[in-house]
Amino acid sequence: MSTLPSLQTSPETLGRSELAALVARDIPTGSFVNLGIGQPTLVSNFLTEEQNVTLHTENGMLGMGPEAVGEQIDGDLINAGKIPVTELPGASYFHHADSFAIMRGGHLDICVLGAFQVSATGDLANWHTGAPDAIPAVGGAMDLATGAKDVFVMMSLLTRDGASKLVETCSYPLTGVGCVTRLYTERAVFLIGSDGVTVRETFGCTVEELRSLVPVPLLTPAG
């Protein structure tokens, strides 16, 4: 399989804000979306009014807006990651149990989560590394992973030691099995389906360079 030059859409790897803007652009108009803790929270800052996306936060809110700054900050108005947020016209609040019913009942079109590892078959590991001093904190991630119609993941492609987080099989405890459909990293966007892992586009690298970093067979749109 040869590299397609058109796959490289940026000469440099993407920063967190650039990656969040890309994810925001990919969310279809009218979607109901949950943004997980960490990198995914940045996505709210790049959604446009024209997209008419309704954001859900698991601590009990629909209609969340971008992150609050300055005089917008209300200590009682936060997302699940305890970050101050704004509310959009028509926003509503409800009991935590009702919030989880939205997640578990298949009412979310997309959730965007962070991860420690994603497997070639879409398994997700994002709540515990197995380290003896780590604090397990699965939260609502397992409900989101199994309840949302599509699971997008945002993460760095490599660990600090240079190991790929996109792996054949997850070595960390799983959050969900076969749930991830799309993976956004600073070097590439990967589509995960029944035929394997397809590179949609790359940033600051070629497909051949990705193949030298990732221990997973990588397809291109042309095969």
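Heavy atoms only: backbone and side chains are in, while hydrogens, waters and symmetry mates are out.
- Of the possible polar contacts, one joining the D74 side chain to the D76 backbone as a donor-acceptor pair under 3.5 Å is found.
- No donor-acceptor distance shorter than 3.5 angstrom exists from the side chain of Q117 to the backbone of L174, with no hydrogens or angles considered.
- Using modelled atom types and a 3.5 Å distance limit, the side chains of K165 and S156 yield a donor-acceptor pair.
- When atom types are taken as modelled, the side chain of S31 and the backbone of V33 share no donor-acceptor pair closer than 3.5 angstrom.
- Judged by distance alone, the side chain of R211 and the main-chain N or O of L218 form a donor-acceptor pair under 3.5 Å.
- Applying the ring pair (Phe, Tyr, Trp, His ring centres under 6.0 Å) rule to F152 yields the partners Y184; only residues at least two apart in sequence or on another chain are considered.
- Remark: side-chain polar atoms of T202 are paired, donor with acceptor, to backbone N or O of C205 under 3.5 angstrom.
- Side-chain atoms of T175 come within 3.5 Å of backbone N or O of N126 as a donor-acceptor pair.
- Side chains of S99 and E58: no donor on one and acceptor on the other come within 3.5 Å.
- Distance alone, capped at 3.5 Å, places no donor-acceptor pair between the T185 side chain and the M155 backbone.
- Grouping the Ile, Leu, Val, Met, Phe, Trp and Tyr side chains by contacts below 4.5 angstrom, directly or via other members, places L47 with L14.
- The hydrophobic cluster containing W127 also contains M142, counting ILVMFWY residues as joined when their side-chain heavy atoms lie under 4.5 angstrom apart, directly or transitively.
- Judged by distance alone, the side chains of T159 and D161 never bring a donor and an acceptor atom under 3.5 Å apart.
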